[in-house]
Amino acid sequence: MKTDVVVIGSGISGLTAATLLALAGKDVVIVERRNLFGGSIRRFKRNGVGFDVGFHYTGCLGDGEILDLLWKRCGVRDRVEVDPVFPDGYDQYEFFGGNTVVRGYFSYARVGEELKSCFPGEKAGIDSYLREIRDVCSQVPFYNPDLPLAPFLRGYKSRPRPLASFLDSVTTDPELRSVLAAPAFLYGVPLNQCSLETHALVAHGYYSGAYTVKGGGQTVVDGFLAALEKAGAKLLSSSKAVSIRVDGDRVAGVEIEDGKCIACSDVIFSGHPSSVPGMVPDSVFRPAYRKRLLTLKNSLSMFAVFGTAEKDFRVQANGLNYYLLPEGGEMLSADDSTPPALRSMMIASTGGEWPEFKPSLRNGIIILRPGFWEDVKAFAVSRPGNRAAGYEKFKAEVGAEMVETAEKRWGHFTGRIEPFAVGTPLTFRDELAAPGGCVYGAMHCLDQFTPDVRTRLPGLYLAGQSTLMTGVVGASIGGMTAAGEIVGLEPFWESLRSWC
Amino acid sequence: MITDDELCRKVIEVLAQEFELDPEEMVPEATLYDDLGLDSLDAVDMVVVLEKTFGMKVTDEAALRSIRTVDDLMQFVIRLRAEQSRA
């Protein structure tokens, strides 16, 4: 088989890159190791209920915002039904044992008002926090598409500033501090390692509006698959890429586990970058770069409970995500020394029923709690279906405790919770091919440079959450940038901006 | 603390190894980009290697950007060490 570009991985990053390239006239083949496409935004079904793992709501879908631009350009926007959550939508923050309840509205104005009414003595600090988040993002082309892209990607960036000391400069109130730092849950970095810049990129999207998609992440995946088919791209499932062929000094093809080889001149690898050194000849990368990819520090993992609630979450509660924060503590603990039961927790409706079931009968919910690789390290040498002794018991205990805590806290609107499945960092490792079970790729934090989209091997590009930014928006931007590098970055960016 | 000369020898040794360069070619006047074949993508790795190996923190971007030759780099590292050992 022969093509122009092989895209490895079919998460939102790979799907975005492949569609943009196919529409730019390239022959594209996507190879996906699993039997289904979509990576972590794909829905899975258990007991008739559809569960979204990686897609609950997203920012940047407002008219002309980056995800809106990308989905319009890709022909996906018309295939999905997007519901804006504002003006009254919010996430709710509560504290262990405390009475403070804060609503994190998806709007700068509303969240500012809410914070000031909850923390009346902290008005100046709240204003300077929100101003700083906006200022940082006004310089970022993904949030300000009038800016050129290449200078942002190629230019030297200042070293990131610690979020913790910035927060210290705006407030001494521990609860306000926790709420301001809360978007860290959406990029998986403990506060002592958070940078203000990464925080701003994620928080800005959050404070600028949230959007849900009817049918959840699966609808987005299906939209991309239809767009790809229309654009003539090929998709191969159950096709694990095992190596990247190099001829002379350029990419020449991708080898699949079954022995097939797809000849091509460009490859986008959208998985975790630590897999890349093992896929190319040693001589391709300098030892410094190889080592950097292999030793990337990763974002946090999660424990997840998937189940149903007795009452319809969406009728009983107006918020999207409900967070429980440790008293005076942080959204994400610094390390695994904080026992799971003392870590933060979040509950959300899975956002919709599987079509054949009536919504009132199946109120799918997901409960998440930060997890560390160290929590499950003892069971590391095992695969799905063949876990080490004691793992099932451990998993059941963690799940039962999460359900109990959730019922105690949110039982008034969930009723009894019936768990169907429990995921741990081990599950995320194996399901998502994510080292350490990291849910947001390599950690975007102080003291780590995440890899550039370009690599030193001509024709090889990286995408996915580990490159530029995390989440659905971040992964999409990574895919877009990789596609842009192949067809010419600035003209590509300009054509995207002028598309709508 | 090792002398500046020893520090420079160590920098050469580490960079030669990490970037697969020929130490013989790493003369003071050699330019990093044209003579040694490093490029902008290597710059980040260079910072990572210097920070990890020598425990220093590279924060002065303007100075980093002005580095052209091996000698510029040596002066940069010597200055950085002096500043950070005082701090």
Side-chain angles (χ1 to χ4, degrees), chain A residues 139 150-162 165 193 195-197 249 273-274 276-277 280-297 442-462 466-468 481-482 485 489, chain B residues 9-26 30-70 72-74 76-77 79-81 83-84 87:
Chain A
Q139 303 306 311
F152 174 77
L153 293 173
R154 306 272 192 266
Y156 281 88
K157 290 183 189 59
S158 325
R159 287 306 280 258
R161 291 168 282 171
S165 52
Q193 295 169 69
S195 81
L196 173 58
E197 286 70 17
D249 65 346
S274 63
V276 172
V280 296
D282 262 0
S283 58
V284 163
F285 297 134
R286 300 188 195 281
Y289 181 72
R290 200 159 55 228
K291 230 178 268 175
R292 180 149 74 93
L293 293 190
L294 289 172
T295 58
L296 282 167
K297 189 159 50 169
M443 201 183 256
H444 294 261
C445 61
L446 300 170
D447 298 327
Q448 173 156 281
F449 297 91
T450 50
D452 198 281
V453 166
R454 295 171 303 161
T455 71
R456 289 198 94 259
L457 173 61
L460 176 62
Y461 302 89
L462 306 179
S466 300
T467 53
L468 294 166
T481 305
E485 294 287 1
L489 200 56
Chain B
R9 268 199 297 280
K10 184 78 184 151
V11 171
I12 297 278
E13 186 192 315
V14 170
L15 294 183
Q17 196 185 338
E18 294 288 338
F19 292 87
E20 294 172 325
L21 302 171
D22 181 355
E24 299 284 302
E25 288 176 15
M26 298 175 74
T31 59
L32 301 181
Y33 300 111
D34 293 334
D35 295 338
L36 300 181
L38 297 175
D39 61 28
S40 62
L41 282 170
D42 294 314
V44 172
D45 290 312
M46 178 105 57
V47 171
V48 173
V49 165
L50 291 176
E51 291 193 341
K52 284 223 166 109
T53 315
F54 300 102
M56 38 182 71
K57 194 125 173 79
V58 179
T59 49
D60 186 346
E61 287 161 68
L64 190 64
R65 231 172 309 181
S66 68
I67 293 171
R68 295 278 174 269
T69 64
V70 170
D72 293 343
L73 180 65
M74 295 307 146
F76 175 74
V77 173
R79 188 168 58 79
L80 210 60
R81 179 175 73 154
E83 281 169 12
Q84 295 183 2

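Remember, it's a predicted structure, so these values are computed and weren't measured experimentally. By convention in this document, chain letters (A, B, ...) are assigned in the order of the sequence lines, proteins followed by strands, and residues within each chain are numbered from 1.
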Asp452(A) and Thr467(A) have their tightest heavy-atom pair at O-CG2, 4.5 Å
Val47(B) versus chain A, the contacting section by heavy-atom distance below 4.5 Å: side chain
Chain A contacts, top residue of Leu15(B), Val14(B), Val44(B) (heavy-atom pairs, under 4.5 Å): Val44(B)
So which heavy atom on Ala442(A) is nearest to which on Ser466(A), and how close? N-OG, 2.9 Å
With only heavy atoms counted, which part of Arg159(A) is less than 4.5 Å from chain B, the side chain, the backbone, both or neither? both
Between Lys291(A) and Asp45(B), does at least one N-O distance fall below 4.0 Å, as a salt bridge requires? no
Could you tell me which non-hydrogen atom of Arg454(A) sits nearest to which non-hydrogen atom of Ser40(B), and how far apart they are? NH2-OG, 4.1 Å
Contact check, side chains of Glu25(B) and Asp35(B), non-hydrogen atoms, under 4.5 Å: no
Using non-hydrogen atoms only, which part of Glu51(B) is less than 4.5 Å away from chain A: side chain, backbone, both, or neither? side chain
Could you tell me which of Val49(B), Asp42(B), Val48(B) has the largest number of non-hydrogen atom pairs under 4.5 Å with chain A? Asp42(B)
